[in-house]
Amino acid sequence: MITRQISVKLDLQYPFTYDKNKILFFDIETTGFSAETTYLYLIGCIYYKDSSFQLIQWFSEGIDEEALVLKTFFEFSKNYTVLIHFNGSGFDIPYLLRKCFQLKLPYSFDHMQGIDLYKEIYPYRKILRLPNCKQRTIERFLHISRKDTFVGGDLIEVYQSYLGKKRYEILKRRHLAVSGKETGAVKSPSEEEASESDRLLGQLLLHNEDDVKGLVQVCPILTYADLFEKPIHIQNAGIEGTMLIIEFALISSLPVSIQFHTDNLSFQAHENAASLRIPLFQGELKYFYENYKDYFYLPAEDRAIHKSLAAFVDKDYRQKAKPATCYTRKQGIFVPQYEPVITPYFQQKHSDKITFLEIHTDFLLQEENLERYVSHILSHMINGKS
């Protein structure tokens, strides 16, 4: 087994609340997806120690060293309580656990809290206009560059070539050693032959190194999850033409500005500030009473009144209210909500899923309701509901 350990110049630009010395970033390299039919050949980790980040890699020089790589990694990881990875919940962790089961190794991740960057950011890929949610795509979004040019699947052939070349070089050395003894002179392989396996090894280690370093570098992508999941602070709300404008501050500063539009809703965010533009509806809507059995509908006036008042109305001018006729009408300025989050709300028809909130001075001054409304609109934009 080859162990490589170096210091790396990295800056963790996301405000985790965990002790930095207890965080472990990790990534694995295998010859395929199934733990039953493929092999683990490399585990790479980055951790923080003595005021700097350190990279450590354990590389299997052959199938017989797979168990040693696993043992070394799990013994090392016992010192950490937070494990950060990219889609590790879907692949890396189940793969390693399955390998431990096969090799009868008593290890688990039970002592660690996992943070899967892939799962954290996946719900917001449309807002960020990401073509996919691969680590390299997020690196490009955040303007992170890497030296490695391979993708994971390419490395399977590279690893196989490494094993073959390594085996050939060992046999070559043995042959030359025997030849040297017979002739009295020991020859060494050419420099090109001697370094070929090292060149392949370098490619394998570099790919894993860039993947693990990338984990640290893409952590600021979590600020976009914070935007939708953590508290905001309303700074300003008002009407501009036919739009409701709500401006608010974010708890985390975004590394890249974003804009998103849907259903005439417009959202943009830059660093610690964001704003929503929501179309207004001006006209008449209806407020529907839930307890329709306690009301009568007056067709001539197109409204419902409580039965305590209906007693004073001639029976020919009233009828028992139904859910669709139990309402009063309201003229005003409204904005949509896509689930009944804030009350009172208004509708065009009782069967409509979209409801409306009346916009008036009191509503614009109610910071708590504005925050709830903004959170609701952002959730609607993420989920793409119409």
Distance-only polar pair, side chains of [X] and [Y], donor-acceptor under 3.5 Å:
{"X": "Thr38", "Y": "Tyr95", "value": "yes"}
{"X": "Gln113", "Y": "Tyr18", "value": "yes"}
{"X": "Gln259", "Y": "Ser257", "value": "no"}

Determine whether a donor-acceptor pair (N or O, by modelled atom type, separation under 3.5 Å) exists between the side chain of [X] and the backbone of [Y].
{"X": "Asp116", "Y": "Tyr118", "answer": "yes"}
{"X": "Gln337", "Y": "Ile342", "answer": "yes"}
{"X": "Ser60", "Y": "Gly62", "answer": "yes"}
{"X": "Glu120", "Y": "Leu222", "answer": "no"}

Sidechain N-carboxylate O distance under 4.0 Å for [X], [Y]:
{"X": "Arg136", "Y": "Asp148", "answer": "yes"}
{"X": "Glu196", "Y": "Arg199", "answer": "yes"}
{"X": "Lys147", "Y": "Glu209", "answer": "no"}

In this structure, is the centre-to-centre distance between the rings of [Y] and [X] below 6.0 Å?
{"X": "Tyr327", "Y": "Tyr287", "result": "no"}
{"X": "Tyr47", "Y": "Phe76", "result": "yes"}
{"X": "Tyr159", "Y": "Tyr39", "result": "no"}

For [X], is the [atom1] atom crowded, meaning more than 12 foreign heavy atoms sit under 6.0 Å from it?
{"X": "Glu290", "atom1": "CD", "value": "no"}
{"X": "Lys20", "atom1": "NZ", "value": "yes"}
{"X": "Tyr317", "atom1": "OH", "value": "no"}

**Q.** Verdict with supporting geometry, Arg372 and Asn369, side chain to side chain contact (heavy atoms under 4.5 Å, CB included)
**A.** CA-CA 5 Å; Arg372 289 175 61 201; Asn369 271 348; 3.3 Å; yes
**Q.** side chain to side chain contact (heavy atoms under 4.5 Å, CB included) between Cys219 and Phe16, intermediate numbers included
**A.** CA-CA 9 Å; Cys219 280; Phe16 285 112; 3.8 Å; yes
Q | Cationic tip of Arg125 above Tyr122 ring, under 6.0 Å, 45° of axis | A | yes
Q: If the plane angle is over 60° it's perpendicular, under 30° parallel, otherwise tilted; pick one for Phe363 and His360.
A: perpendicular
Q: Quick one: do Asn21 and Tyr80 satisfy side-chain hydrogen bond (donor to acceptor under 3.5 Å, both in side chains)? Show the steps, please.
A: CA-CA 8 Å; Asn21 295 282; Tyr80 299 89; over 6 Å; no
Q. Knowing that exactly one of Phe260, Tyr124, Phe141 qualifies, which makes a ring pair (Phe, Tyr, Trp, His ring centres under 6.0 Å) with Tyr224?
A. Phe141
